[in-house]
**Student:** 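Have a look at this one before I ask anything.
The shown structure was predicted, so the numbers you read here are calculated from the model rather than taken from an experiment. Residues take their numbers from the sequence shown, with the count starting at 1.
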Amino acid sequence: VASGGTPSTYCSQNAGTDNPLFYGHTTYIRHTYAKFGDLTAAGSAVPADAVIDDAALTFTEESASSPTTVLDTSIYRPGEAWSTAITYATQPTNDGIQAEHVLVTPPGVGNTVTFHPTALIQSMVSGAVPNNGLEVMCTADASPNTLDFYGFANSKHPTLTVTWQQ
């Protein structure tokens, strides 16, 4: 099991020094980006020829605007490299390939939501696609809702746990 890397993040709304990861649907769709180090670098915790059994991307809820409204959520791979200096106007487009699609009911403050973009992480580790990180976005909500996750500066920061074998 390997976990972590050097994380970086961007979200469509940052607040305070913790930079919570904020996504959802209000009058427009909000989304967030996260990247966990270079998965293909020499000395990476996961060898390029590893078979990924599971990649668990876990976030901890900080708050939700509507604690009972389901968010129609998708995980995509950004189609280009990005940095934490991006803005809404300069954010990368995604490559249109959905790594995962789930309905997320906010779990409650302090509780976690876990996604499993295993095939996407496998393709990044093998070098088939560049590691441009992950984009979490609300895709088709009928009812407005937003969900904030703790950011990387917090002890409840997001984690990527990769279980693999050779």
Side-chain angles (χ1 to χ4, degrees), residues 1-25 28-62 71-102 104 112-139 146-164:
V1 175
S3 182
T6 304
S8 56
T9 184
Y10 163 78
C11 60
S12 58
Q13 175 176 320
N14 284 331
T17 58
D18 182 36
N19 293 328
L21 304 176
F22 182 79
Y23 91 104
H25 177 241
Y28 51 92
I29 295 174
R30 298 179 184 269
H31 40 156
T32 192
Y33 297 88
K35 183 176 179 183
F36 293 86
D38 186 351
L39 299 173
T40 60
S44 172
V46 182
D49 62 347
V51 175
I52 308 297
D53 294 322
D54 185 49
L57 175 64
T58 302
F59 296 95
T60 303
E61 182 183 326
E62 184 174 30
L71 287 92
D72 189 356
T73 304
S74 290
I75 306 289
Y76 289 96
R77 185 185 75 87
E80 56 199 323
W82 55 274
S83 74
T84 56
I86 64 175
T87 65
Y88 185 80
T90 63
Q91 65 190 319
T93 58
N94 64 54
D95 62 8
I97 298 171
Q98 201 175 60
E100 185 171 20
H101 178 249
V102 294
V104 175
T112 60
V113 173
T114 300
F115 302 98
H116 296 274
T118 305
L120 175 57
I121 298 303
Q122 176 73 67
S123 63
M124 288 179 187
V125 167
S126 72
V129 299
N131 177 8
N132 292 336
L134 303 161
E135 175 185 16
V136 180
M137 69 182 292
C138 192
T139 50
T146 56
L147 184 55
D148 292 7
F149 299 121
Y150 287 102
F152 286 105
N154 191 284
S155 64
K156 297 176 184 174
H157 59 80
T159 60
L160 176 63
T161 303
V162 179
T163 305
W164 56 276

**Student:** Find out whether Leu147 and Phe59 are in side-chain contact, i.e. whether some heavy atom of one side chain is under 4.5 Å from a heavy atom of the other.
**Tutor:**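 No; the side chains remain at least 4.5 Å from each other.
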**Student:** Of all the heavy-atom pairs spanning Pro78 and Pro92, show the shortest one and how long it is.
**Tutor:**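 So the minimum-distance heavy-atom pair works out to CB-CG, 4.2 Å.
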**Student:** Ala128: which residues meet the side-chain contact (heavy atoms from CB on, under 4.5 Å) condition with it, sequence neighbours left out?
**Tutor:**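 For Ala128 the side-chain contact (heavy atoms from CB on, under 4.5 Å) partners, ignoring immediate neighbours, are Ser123, Ser126.
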**Student:** Examine distances only and state if a side-chain atom of Trp82 and a backbone atom of Asn132 form a donor-acceptor pair shorter than 3.5 Å.
**Tutor:**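 A pair under 3.5 Å: yes.
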**Student:** What pair of heavy atoms forms the shortest contact from Pro47 to Val125, and how long is it?
**Tutor:**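 Here Pro47 and Val125 meet closest at O-CG1, 3.3 Å.
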**Student:** Does the Glu80 side chain pair with the main chain of Thr93, one donor and one acceptor, at a distance under 3.5 Å?
**Tutor:**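 Judged by distance alone, yes, a pair lies under 3.5 Å.
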**Student:** Who pairs with Thr118 by side-chain contact (heavy atoms from CB on, under 4.5 Å), at least two apart in sequence or on another chain?
**Tutor:**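 Here the qualifying residues are Ile52, Asp54, Ala55, His116.
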**Student:** Any chance you could measure Met137, atom CE, to Ser74, atom OG, to the nearest 0.5 Å?
**Tutor:**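 Answer for the CE-OG pair, Met137 versus Ser74, is 7.0 Å.
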**Student:** What distance separates Leu57 CG from Thr112 OG1, expressed to the nearest 0.5 Å?
**Tutor:**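 Going from CG on Leu57 over to OG1 on Thr112, the span is 11.0 Å.
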**Student:** Does any N or O in the side chain of Asp148 come within less than 3.5 Å of the main-chain N or O of Glu62, such that one atom is a donor and the other an acceptor?
**Tutor:**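 Judged by distance alone, no pair lies under 3.5 Å.
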**Student:** Kindly indicate whether the side chain of Lys35, heavy atoms from C-beta on, has any atom under 4.5 Å from the side chain of Asn131.
**Tutor:**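 With C-beta onward as the side chain, the pair touches.
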**Student:** Under the rule for salt bridge (charged side-chain N to carboxylate O under 4.0 Å, His left out), what residues qualify as partners of Asp95, not counting sequence neighbours?
**Tutor:**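 With sequence neighbours excluded, Asp95 shows a salt bridge (charged side-chain N to carboxylate O under 4.0 Å, His left out) to Arg77, given in chain and number order.
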**Student:** Once side chain to side chain donor-acceptor pair (under 3.5 Å) is applied, do any residues pair with Asn94, and if so which ones, sequence neighbours excluded?
**Tutor:**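 Once residues adjacent in sequence are excluded, the partners of Asn94 under the side chain to side chain donor-acceptor pair (under 3.5 Å) criterion are Glu135.
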**Student:** Can you find a pair of side-chain heavy atoms, one from Pro158 and one from Phe149, that are under 4.5 Å apart?
**Tutor:**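 Counting from C-beta outward, Pro158 and Phe149 never come under 4.5 Å.
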**Student:** Can you measure from OG1 (Thr161) to CD1 (Ile121) and round to the nearest 0.5 angstrom?
**Tutor:**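 CD1 of Ile121 is found 11.0 Å from OG1 of Thr161.
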**Student:** Taking only residues two or more places apart in sequence or in another chain, which ones pass side chain to side chain donor-acceptor pair (under 3.5 Å) with Thr114?
**Tutor:**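 Thr114: side chain to side chain donor-acceptor pair (under 3.5 Å) contacts with Thr58.
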**Student:** Are side-chain heavy atoms of Thr73 and Phe115 found at a separation under 4.5 Å?
**Tutor:**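 They are in contact (side-chain heavy atoms under 4.5 Å apart), so the answer is yes.
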